[in-house]
Every structure is written in C-alpha cells, then in structure tokens.
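Data first, discussion second: the structure below is written as structure tokens.
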Amino acid sequence: KKHIEEAKVFSPKTPAELEAFRIQYLGKKGILNDLFVAFKSVPNEEKKDFGQILNELKTIVNDKVTSYKAAFENTNTTQSETDLTRPGEPFELGSRHPINSVKNRIVEIFSRIGFTLSDGPEIEDDWHNFTALNLPEYHPARDMQDTFFIEQSPDVVLRTHTSSVQIRYMENNEPPIRILSPGRVYRNEAISARSHMMFHQIEGLYIDKDVSFADLRQTLSYFTEALFGKSKIRLRPSYFPFTEPSAEVDVYWGLETETDYRMTKGTGWLEIMGCGMVDPNVLKNVNIDPEEYTGFAFGMGIERIALLLYQIGDIRMYTENDIRFLEQFKSEL
Ligand code: PHE
C-alpha cells in the first residue's frame with residue numbers, strides 16, 4: 001500500500017527519472033518481482049487481498065510509464081528537433097496610409113509642372129495664419145475657421161490652413177514662386193463622419209509676371225484630369241479674404257452609376273477645393289509689388305479628395321487605425 005501511494009504521486013521531470021522509476025518497480029530485482037516472490041509465502045486466507053493490491057500497483061506503474069513516455073516524446077519533437085524543411089513564418093508587409101498616398105500623388109502631379117514643396121510650423125503666430133492673409137484682427141471672416149488658441153494677445157494658434165506656409169515662403173523668396181504646401185491643419189469642430197478637428201491640406205501658390213485667371217483654370221483642369229481622369233471643371237464665385245476674385249472648384253464626376261448619383265446628389269458635380277487670384281493686399285504684406293507681379297492660390301483637403309478616390313464613407317476611419325481598413329490599401333505605392 002505504501003508503494004501504491006508513492007507510485008501515484010510520482011512525476012518525473014526527465015526521461016532519465018522515468019527510466020529509474022521503471023527499473024525500480026518493473027526491473028528483474030524490482031519491487032514488483034520481490035512482491036510476487038513474497039506472494040507465494042502469504043497465508044492462503046490473505047492471498048486474495050494481497051493479490052488485489054499487487055495488481056493495482058502493477059497497473060498504476062505501467063500507466064505512469066506509458067503516459068510519461070508519450071509526453072516526453074511529444075515535447076522532444078517540438079522543442080529540440082528543429083525541422084529545417086518547414087516553410088518560414090509569413091512576412092507581413094505594412095501598407096501606406098491612404099492620406100499619405102493621395103498626398104504623394106497630388107505632389108507628383110504638380111511637380112511635373114514645376115511646383116516644389118515647402119513646409120512650416122503647425123503652431124503658428126497670428127501674423128502668418130491670419131493678419132498677413134488679409135484677415136485683420138476683428139475681421140468677421142476669421143470666424144470662417146474655428147480656431148484653437150494656444151496663447152492669446154499676442155495670439156498663438158494651431159494653424160487653420162497651410163496658407164500660413166505661403167506667407168512664410170513669400171517673405172523669404174523672390175518671385176517667380178511655385179510651391180505646394182501639404183500638412184496638418186486644425187479647426188475647433190465637432191468630430192463627425194464629415195468633419196474632424198485635425199485634417200490635412202495641400203495648398204498651391206504661383207506668383208510671377210502676368211499670371212492670369214485663365215492660367216489658374218488651366219492648371220486646375222490639368223490637375224483634375226491627372227488625378228481623377230476628369231478634366232471638366234467649373235468655378236463658382238466664392239469668398240476668401242486672401243484671394244480676389246475667389247472661387248470654389250467643382251469637378252464634373254458624371255452620372256453613370258448609382259454611386260455617382262449618391263456622391264453628387266444627382267447633379268454630377270463635386271466640390272473639391274477653393275482657389276483665387278492672390279489679393280494685392282497679401283502681396284503688399286510680404287513686400288511683393290502687386291503692380292509687377294500677380295498670382296493664384298488654391299487649397300484642398302486631402303481627406304476629402306481621398307474620400308472621393310476610394311469612396312470612403314466616414315472621415316473618422318483615417319485616424320482609427322483599424323487594420324481591416326488600412327489593409328485595403330496594400331496595393332498603393
Ligand atoms: N486656405 C483656404 C482654406 O483653408 C483654402 C484656399 C487656399 C482658398 C487658397 C483659396 C486659395 O479654406
């Protein structure tokens with residue numbers, strides 16, 4: 001009975017321990033053999049009980065030996081025998097973020113006609129974000145862009161558009177100027193499917209002698225053809241303090257599919273950006289003579305352009321980092 005208790009709690013950690021246990025019980029000079037020899041001299045009336053205990057012990061020991069043997073063999077193959085013929089672990093490649101790839105496409109299209117990149121700070125002073133752009137203090141048009149203020153009087157803000165970069169560039173460079181300024185911008189708006197407090201813009205500026213509204217229109221038509229494959233655009237009169245005249249640009253998307261109807265609310269036209277001829281006051285603010293130079297500017301939200309290109313339904317998806325969303329752009333360069 002003592003042997004039964006011992007055998008029951010036995011748990012070997014190595015195959016060698018198991019082998020020692022096997023020999024101790026089942027070997028020629030082992031415990032079981034000894035007991036079987038002793039069995040012969042047990043009085044007849046005790047033989048039945050003794051025999052039962054003996055058989056029980058034998059079963060327990062045999063079970064232990066077979067089950068641990070199998071367990072050790074299993075761990076052997078997975079842990080220490082490396083199978084060099086197995087295929088490797090799959091190698092997961094990331095994908096470019098849709099905002100990034102659309103930005104790159106737009107930059108590439110304008111670089112073909114001589115635009116270069118320029119950037120500036122996201123935390124901006126009042127002069128570059130507002131005043132130099134013909135938005136003096138207390139001008140009601142400041143309310144067009146709900147602003148995050150970091151400090152007040154003098155104001156320091158999170159830039160509301162990348163037009164601030166154009167001011168910086170004009171302050172430090174002589175015309176001719178042909179720049180694109182992509183970057184993050186911030187507006188104090190509630191987050192919803194259509195708007196966000198942080199988004200990306202790409203703005204363009206062209207200043208030279210004799211730049212006309214026709215040049216602006218032709219440049220935009222070249223752009224929409226290159227990006228969307230659609231060159232039919234219309235310019236609707238609008239208002240921006242830094243441009244005069246100003247316009248919203250609509251691209252004719254067509255009404256060929258159900259989606260076209262839904263996207264364009266049945267009109268076929270989609271608004272994609274704002275634009276205009278740079279206001280003479282802006283040029284004066286950066287010491288460029290408006291009698292000698294003219295220019296145009298335009299600005300668009302990259303999120304919005306990407307929504308159109310990929311038919312994305314909700315602007316919040318860009319920042320949720322949902323792998324299922326991001327994985328869909330794996331084929332993008
Ligand atoms: N800065 C404008 C905006 O953020 C866009 C724009 C740029 C409009 C240049 C006209 C010219 O809304």
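For ligands, and for the atoms within them, numbers begin at 1 and follow the listed sequence. Hydrogens, waters and symmetry mates are skipped; everything else that's a heavy atom, side chains included, is used.
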Problem - Residue pair Asp126 / Thr131, side-chain donor-acceptor N/O under 3.5 Å - result: yes

Problem - Side chain, backbone, both or neither: the part of Ser246 lying under 4.0 Å from ligand 1 by heavy atom - result: neither

Problem - Nearest protein heavy atom with distance in Å, relative to atom 4 (O) of ligand 1 - result: Gln201 NE2, 2.7 Å

Handout entry: Gly299: numbered ligand 1 atoms lying under 4.0 Å from its heavy atoms
Key = 6 (C), 7 (C), 9 (C)

Handout entry: Salt-bridge present (Arg194, Glu189; N to O < 4.0 Å)
Key = no

Exercise for the section: Kindly confirm or rule out an N or O of Arg187 lying under 3.5 angstrom from an N or O of ligand 1. Expected result: yes

Problem - Structural part of Phe242 in contact with ligand 1, heavy atom criterion under 4.0 angstrom - result: side chain

Exercise for the section: Report the residues that fulfil side-chain hydrogen bond (donor to acceptor under 3.5 Å, both in side chains) with Thr243, sequence neighbours left out, ordered by chain and then residue number. Expected result: Ser246

Problem - Close aromatic pair by centroid cut-off 6.0 Å: Tyr186 and Phe148 - result: no

Exercise for the section: Check Met197, His196, His161 against Arg187 for a side chain to side chain contact (heavy atoms under 4.5 Å, CB included) and give me the one that passes. Expected result: His161

Problem - Note: Glu171-Arg168 ion pair, threshold 4.0 Å (strictly below) - result: no

Completion exercise
Judged by heavy atoms only, the candidate from Phe240, Phe296, Phe298 nearest atom 9 (C) of ligand 1 is Phe298

Fill in the blank from the handout: Closest to atom 5 (C) of ligand 1 (heavy atoms only, candidates Gln166, Glu203, His161) is Glu203

Problem - Per-atom contacts of ligand 1 with Gly274, taking only distances under 4.0 Å to non-hydrogen atoms - result: 8 (C), 10 (C)

Practice task
May I ask you to say whether Arg304 pairs ionically with Glu271, meaning some side-chain N is under 4.0 Å from a carboxylate O?
Solution key: no

Fill in the blank from the handout: Atoms of ligand 1 under 4.0 Å from any heavy atom of Ser163, numbered from 1 in the order shown, are 1 (N)

Fill in the blank from the handout: ligand 1 atoms nearer than 4.0 angstrom to some heavy atom of Ala297 are 9 (C), 11 (C)

Handout entry: Single-linkage hydrophobic cluster, 4.5 Å side-chain cutoff, Tyr25 and Phe39 together
Key = yes

Exercise for the section: Specify side chain, backbone, both or neither for Met273, according to which of its non-hydrogen atoms lie closer than 4.0 Å to ligand 1. Expected result: neither

Completion exercise
Within the 4.0 Å heavy-atom cut-off, what Glu248 brings close to ligand 1 is neither

